[in-house]
Trainee: 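The structure that follows is given in the form of structure tokens.
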Amino acid sequence: MKYKVTAHALGEIKADCICLPLLKKGKLSQLGREFDTLCDGQLSQNIKDYGAEAKVGASCAFNISGQNIKRVILLGADTDKLSQSDINKIASSLAGSLKGTNIKHLAIALDLNFNAEASEEQLTKQVILANESGRYCFDLYKSEKSPKPALQQISFKTQKQQQAPLKQAVAFAQALATGMSKTKDLGNQPGNVCTPTFLADEAKSLAKQADNFSVKILEEKDMEKLNMGAFLSVSKGSTEPGKLIVIEYKGGAKSEAPHVLVGKGITFDTGGISLKPGAQMDEMKYDMCGAASVMGVMTALSEIKPKMNVIGVIAAAENMPAGNASKPGDIVSTASGQTVEILNTDAEGRLVLCDALTYVERFKPASVVDIATLTGACIIALGHCTSAVMSNDDALANELLEAGKRAADKAWQLPIWDEYQSQLDSPFADMQNIGGKGAGSITAACFLSRFTKKYKWAHLDIAGTAWVSGGKDKGATGRPVPLLLEYLMSKQAK
């Protein structure tokens with residue numbers, strides 16, 4: 001799929017179809033009026049005949065004759081200034097309009113006014129992401145493959161002075177789309193394929209193909225030496241060995257502190273001895289979507305090549321019931337020296353993460369963000385639209401929230417006040433791994449916070465946003481790769 005930026009006059013553009021905005025009261029934009037003149041008023045006549053709707057998110061299409069371009073898609077933009085939300089609706093509407101068509105080359109001439117939170121660059125990014133999302137298909141294990149979409153190229157028409165920033169936006173969006181596709185592919189792989197070893201091999205493959213990347217794999221024997229008893233309490237019930245995967249991208253100065261992403265990589269979660277119900281247990285292959293998002297971000301960075309240092313850490317294990325699996329009531333030691341009473345073996349994500357979070361202290365990080373499909377309670381609190389942010393540093397939390405807004409990958413902050421910490425009190429160990437029925441997402445983050453006192457840290461609970469559950473649209477979403485990449489790029493800019 002090709003994306004190009006052009007400043008050519010409308011009459012010089014050769015494409016199968018052109019996309020133009022329809023403004024308030026069905027009026028055309030300046031470029032729309034120019035195109036209407038080129039096609040002898042066919043555009044305005046069709047608007048009159050078919051009553052095209054200008055509401056944001058609406059679309060209509062019709063054919064014209066006598067031009068290089070034979071088809072027009074009109075997108076509703078009935079607003080004085082477009083917001084980020086309007087941009088998302090327009091991009092989704094366009095992607096929907098292209099489904100099932102035989103259009104091979106689409107020209108986009110959306111000359112619009114934006115408010116303070118939106119821009120032409122953001123619109124371009126969202127159009128690319130919506131198109132790539134619509135094209136995505138995971139049919140690796142199907143005998144009959146899905147037909148490839150007809151669309152091969154999108155050209156963005158802009159003013160000459162806007163070509164350079166728009167080309168940058170296109171390159172960024174393509175890298176982001178590649179990263180999201182990698183995240184989706186890993187999430188959608190079945191648990192018998194995507195094991196901790198598989199994730200380690202994926203990391204090694206990335207390091208071989210990309211500049212300034214290196215990978216280190218900690219095996220279970222290495223974790224034993226580091227006293228990672230919490231991590232090993234999860235992996236020991238499986239025949240698949242656990243792995244702590246460390247991916248380093250060195251694009252900045254040696255002295256520059258890295259930003260660290262830590263992903264929960266439970267490649268399949270049965271719940272262990274605290275066995276989950278059978279219904280929809282197949283979807284527990286998605287319990288490694290935090291790890292998948294780290295891989296997606298690192299993949300995008302390999303294309304963007306920013307001047308900064310980033311480390312991706314993946315805590316990969318399989319949580320299975322077995323004769324040697326952890327039991328409710330077991331007490332384990334952690335790499336931090338603290339002890340944990342395991343009351344529920346299905347609260348395993350925090351057990352692998354706590355040792356990973358202690359491990360990353362050695363990097364003296366500028367910031368640490370962990371990403372995890374951690375709690376069902378997060379879905380009760382925020383549904384499937386919004387990820388949760390919890391942090392020991394409000395400035396870091398705000399940066400992530402703002403990055404989510406800019407990237408149309410929203411999150412919301414929940415508190416981790418001291419009052420919640422007492423729910424983790426244990427009579428036999430330093431803490432227990434669950435905090436009872438109330439505030440489940442918060443107490444899970446409180447647990448992790450006890451291992452992050454030496455750096456700025458935030459926790460992203462993506463249990464509700466990482467995948468779509470059930471139905472024809474079932475599958476990984478690629479979130480929160482947009483939020484994370486936007487956050488990292490904002491740190492590079494500073």
Trainee: Using the test side chain to side chain contact (heavy atoms under 4.5 Å, CB included), find all partners of Asn131 that sit at least two apart in sequence or belong to another chain.
Mentor: Met1, Tyr3, Leu98, Arg135, Leu151, Ile154
Trainee: Count the heavy atoms belonging to other residues, nucleotides or ligands that lie under 6.0 Å from NZ of Lys276, then report whether that count exceeds 12.
Mentor: yes
Trainee: Are the side chain of Lys145 and the backbone of Lys142 linked by a donor-acceptor contact shorter than 3.5 Å?
Mentor: yes
Trainee: Looking at Thr443 and Cys446, would you say the former's side chain and the latter's main chain have a donor-acceptor pair under 3.5 Å?
Mentor: no
Trainee: Using a strict cut-off of less than 4.0 Å between a Lys/Arg side-chain nitrogen and an Asp/Glu carboxylate oxygen, indicate whether Asp330 and Lys327 qualify as a salt bridge.
Mentor: yes
Trainee: Are any of the side-chain nitrogens in Glu202 or Lys182 under 4.0 Å away from the carboxylate oxygens of its partner?
Mentor: yes
Trainee: Does any donor atom in the side chain of Asn88 or Ser85 lie under 3.5 Å from an acceptor atom in the other side chain?
Mentor: no
Trainee: Tell me whether Asn309 contacts the main-chain N or O of Pro258 through its side chain, where contact means a donor paired with an acceptor under 3.5 Å.
Mentor: no
Trainee: Does the pair Lys243 and Asp201 meet the rule for a salt bridge (Lys or Arg N to Asp or Glu O under 4.0 Å), with working shown?
Mentor: CA-CA 11 Å; Lys243 311 273 184 181; Asp201 290 341; over 6 Å; no
Trainee: So, does Asn212 use its side chain to make a donor-acceptor pair with the main chain of Gly251 at under 3.5 Å?
Mentor: no
Trainee: Could you go through the side chain to side chain contact (heavy atoms under 4.5 Å, CB included) check for Asp222 and Met228 one step at a time?
Mentor: CA-CA 9 Å; Asp222 302 311; Met228 292 185 174; over 6 Å; no
Trainee: Rounded to the nearest 0.5 Å, what separates atom OG in Ser387 from atom CD1 in Ile462?
Mentor: 6.5 Å
Trainee: Answer yes if the side chains of Thr334 and Asp355 hold a donor-acceptor pair under 3.5 Å, and no otherwise.
Mentor: no
Trainee: Using only heavy-atom distances, determine whether the side chains of Ser97 and Ser59 contain a donor-acceptor pair under 3.5 Å.
Mentor: yes
Trainee: For the pair Tyr359 and Phe363, name the ring-plane relationship: parallel under 30°, tilted 30 to 60°, perpendicular over 60°.
Mentor: perpendicular
Trainee: Tyr136 ring centre to Lys184 NZ or CZ under 6.0 Å, with the angle to the axis within 45°?
Mentor: yes
Trainee: Can you check salt bridge (Lys or Arg N to Asp or Glu O under 4.0 Å) on Asp370 and Lys264, steps first, answer last?
Mentor: CA-CA 8 Å; Asp370 80 71; Lys264 173 188 170 184; over 6 Å; no
Trainee: Could you check whether any side-chain heavy atom of Phe114 comes within less than 4.5 Å of a side-chain heavy atom of Ile87, counting everything from C-beta outward?
Mentor: yes
Trainee: Do any N or O atoms from the side chain of Ser93 and from the backbone of Lys89 form a donor-acceptor pair under 3.5 angstrom?
Mentor: no
Trainee: Asn319 and Phe268: side chain to side chain contact (heavy atoms under 4.5 Å, CB included), yes or no, with the steps?
Mentor: CA-CA 6 Å; Asn319 187 24; Phe268 196 83; over 6 Å; no
Trainee: How long is the straight-line distance from CG of Leu488 back to CG of Leu261, given to the nearest 0.5 Å?
Mentor: 5.5 Å
Trainee: Would you say Thr375 and Ser441 are linked by a side-chain donor-acceptor pair, where the criterion is simply a distance under 3.5 Å?
Mentor: yes
Trainee: Return yes if a side-chain donor-acceptor contact under 3.5 Å exists between Ser238 and Glu240, otherwise no.
Mentor: no
Trainee: When you compare the side chain of Tyr455 with that of Leu357, does any pair of heavy atoms fall below 4.5 Å?
Mentor: yes
Trainee: Taking the side chain as everything from C-beta on, heavy atoms only, tell me whether Trp457 gets closer than 4.5 Å to Leu448.
Mentor: yes
Trainee: Under a 3.5 Å cutoff, is there a donor and acceptor pairing between the side chains of Gln84 and Gln122?
Mentor: yes
Trainee: Can you spot which of Ile331, Leu351, Ile434 makes a side chain to side chain contact (heavy atoms under 4.5 Å, CB included) with Ile342?
Mentor: Leu351
Trainee: So which of Asp269, Asn188, Thr477, Thr373 actually passes side-chain hydrogen bond (donor to acceptor under 3.5 Å, both in side chains) with Tyr286?
Mentor: Asn188
Trainee: Using 4.0 Å as the upper bound for N to carboxylate O, is an ion pair formed by Lys405 and Glu402?
Mentor: yes
Trainee: Got a second to check how far Ile379's CD1 is from Thr465's OG1, nearest 0.5 Å?
Mentor: 9.0 Å
Trainee: Can you find a side-chain donor-acceptor pair between Ser449 and Asn392 that sits under 3.5 Å?
Mentor: no
Trainee: Is a side-chain N or O of Asp430 found less than 3.5 angstrom from the main chain of Thr339, in a donor-acceptor match?
Mentor: yes
Trainee: Looking at Lys474, I want to see if its NZ is surrounded by more than 12 non-hydrogen atoms of other residues, nucleotides or ligands under 6.0 Å.
Mentor: yes
Trainee: For the OG1 atom of Thr183 and the CH2 atom of Trp467, what is their distance to the nearest 0.5 Å?
Mentor: 14.5 Å
Trainee: Within a strict 4.5 Å, meaning less than it, do heavy atoms of the Phe198 and Leu186 side chains meet?
Mentor: yes
Trainee: Quick one about Gln280 and Ser469 (side-chain donor to acceptor, distance below 3.5 Å, no hydrogens or angles considered), yes or no?
Mentor: yes
Trainee: Say you draw a straight line from CZ of Phe156 to CG of Leu123; how long is it, rounded to the nearest 0.5 Å?
Mentor: 7.5 Å
Trainee: Decide yes or no on salt bridge (Lys or Arg N to Asp or Glu O under 4.0 Å) for Glu220 and Lys236, but give the supporting numbers first.
Mentor: CA-CA 9 Å; Glu220 289 188 341; Lys236 72 178 184 178; over 6 Å; no
Trainee: With a 4.5 Å limit on heavy-atom distance, are the side chains of Leu176 and Lys125 in contact?
Mentor: no
Trainee: Determine, stepwise, if the pair Glu399 / Lys491 fulfils salt bridge (Lys or Arg N to Asp or Glu O under 4.0 Å).
Mentor: CA-CA 9 Å; Glu399 287 176 327; Lys491 303 308 288 185; 3.0 Å; yes
Trainee: Using side chain to side chain contact (heavy atoms under 4.5 Å, CB included), reason through Thr452 and Lys454 one step at a time and then give a plain yes or no.
Mentor: CA-CA 6 Å; Thr452 63; Lys454 295 185 179 180; over 6 Å; no
Trainee: On a heavy-atom basis, which atom in Val127 and which in Leu94 lie closest, and how many Å separate them?
Mentor: CG1-CD2, 4.0 Å
Trainee: List the atom of Gly440, the atom of Ala377, and the distance in Å for their closest heavy-atom pair.
Mentor: CA-CB, 3.9 Å
Trainee: Quick check on side chain to side chain contact (heavy atoms under 4.5 Å, CB included): which of Arg450, Gln423, Gln421 does Met431 satisfy it with?
Mentor: Arg450
Trainee: Atom OG in Ser214, atom CG in Leu206: separation rounded to 0.5 Å?
Mentor: 10.5 Å
Trainee: So, Ser326 versus Thr345: side-chain donor-acceptor pair below 3.5 Å or not?
Mentor: no
Trainee: Using atom types as modelled and distance alone, determine if a side-chain donor or acceptor of Asn433 lies under 3.5 Å from a backbone N or O of Val340.
Mentor: no
Trainee: Verify whether one side chain among Ser205 and Gln209 offers a donor that lies under 3.5 Å from an acceptor in the other.
Mentor: yes
Trainee: Hey, is the main chain of Ala366 close enough, under 3.5 Å, to the side chain of His259 for a donor-acceptor pair?
Mentor: no
Trainee: Does NZ in Lys99 sit with more than 12 non-hydrogen atoms of other residues, nucleotides or ligands closer than 6.0 Å?
Mentor: no
Trainee: Go through the steps to decide whether Leu396 and Asn398 satisfy the test side chain to side chain contact (heavy atoms under 4.5 Å, CB included), and finish with yes or no.
Mentor: CA-CA 5 Å; Leu396 173 57; Asn398 286 333; over 6 Å; no
Trainee: Taking atom types as modelled and ignoring hydrogens, do the side chains of Tyr487 and Ser367 form a donor-acceptor contact shorter than 3.5 angstrom?
Mentor: yes
